[in-house]
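First the structure, in the form of structure tokens, and then the observations on it.
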Amino acid sequence: MDIAYIIDLLRKHDVTLAPGLSMQEVTDVEDRYNIHFPPDLRELLMSVLPIGKGFIPWRDTSPQRMGVIRQRLNWPLEGMIFDVEQHIFWPPEWGEKPTDSAEAVDICKRDVFTCAQANPDQRTSIYPRAAI
């Protein structure tokens with residue numbers, strides 16, 4: 001990722017940029033939400049911190065905001081669970097899909113990150129530590 005190019009694009013779109021996160025702040029965020037930023041996103045967030053609508057306010061540790069951030073981080077898994085329940089999604093890496101919907105959801109929750117980790121197109125995603 002060309003960080004300078006991304007920063008230039010953010011500026012051209014009038015995104016407010018705060019000073020980047022310190023290494024300690026990055027570590028705190030990763031610990032707080034049990035996530036791991038990929039190297040390119042970490043570099044961007046340590047260079048500048050986009051703030052405003054659509055951007056996660058990583059420095060805001062108020063209980064209400066932390067709850068909203070957790071919801072946003074859980075959204076992809078919730079979407080995947082919905083797709084499993086609707087018989088739309090079942091990766092072959094998970095084996096044969098159980099007929100019991102609750103069992104299928106349990107497998108999805110357990111194995112979702114092994115599937116994402118194996119997909120090189122997802123390298124700019126934020127992963128739970130279990131996927132590392």
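Keep in mind that what you see is a predicted model, and the values were worked out from it rather than measured.
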Any E93 side-chain heavy atom under 4.5 Å of D111 side chain: no
Separation of H13 NE2 from D8 CG (nearest 0.5 Å): 10.5 Å
Lys/Arg-Asp/Glu bridge criterion (N-O < 4.0 Å) met for D106, R110: no
Distance (rounded to the nearest 0.5 Å) between S101 OG and H87 NE2: 6.0 Å
Chi angles and distances behind the side-chain contact (heavy atoms from CB on, under 4.5 Å) call for L44, F37: CA-CA 10 Å; L44 175 66; F37 293 118; over 6 Å; no
Over 12 non-hydrogen atoms of neighbours within 6.0 angstrom of CZ in F82: no
Minimum side-chain heavy-atom gap I69-W58 below 4.5 Å: yes
Contact check, side chains of M66 and Y33, non-hydrogen atoms, under 4.5 Å: yes
Gap separating the OG1 atom of T61 from the CG atom of D28, nearest 0.5 angstrom: 9.5 Å
Any pair counted as salt bridge (Lys or Arg N to Asp or Glu O under 4.0 Å), so long as it reaches residues 63-72, sequence neighbours left out: D60-R65
For the student: nearest non-hydrogen atoms of L49 and P19, plus distance: CB-O, 3.6 Å
pair W94-C108: side-chain heavy atoms closer than 4.5 Å: yes
Side-chain heavy-atom pair S22, T27 within 4.5 angstrom cut-off: no
With R11, the side chain to side chain contact (heavy atoms under 4.5 Å, CB included) member among T16, L17, I6: L17
Cluster check L9, L45: I/L/V/M/F/W/Y, side chain < 4.5 angstrom: yes
Distance (rounded to the nearest 0.5 Å) between Q86 CD and I81 CD1: 12.5 Å
ILVMFWY cluster, F55 and V68 together (side-chain gap under 4.5 Å): no
Nearest-0.5 Å distance, CD of residue E103 to NZ of residue K97: 11.0 Å
Shared hydrophobic cluster for M23 and L21 (ILVMFWY, side-chain gaps under 4.5 Å): yes
Sub-4.5 Å side-chain heavy-atom contact between I107 and W90: yes
M80 CE to I88 CD1 distance, which is reported to the nearest 0.5 Å: 12.5 Å
Side-chain heavy-atom pair E30, E25 within 4.5 angstrom cut-off: no
Taking every non-hydrogen atom, the tightest pair across A104 and V84: CB-CG1, 3.8 Å
Member of V15, I3, I7 meeting the side chain to side chain contact (heavy atoms under 4.5 Å, CB included) criterion with V48: I7
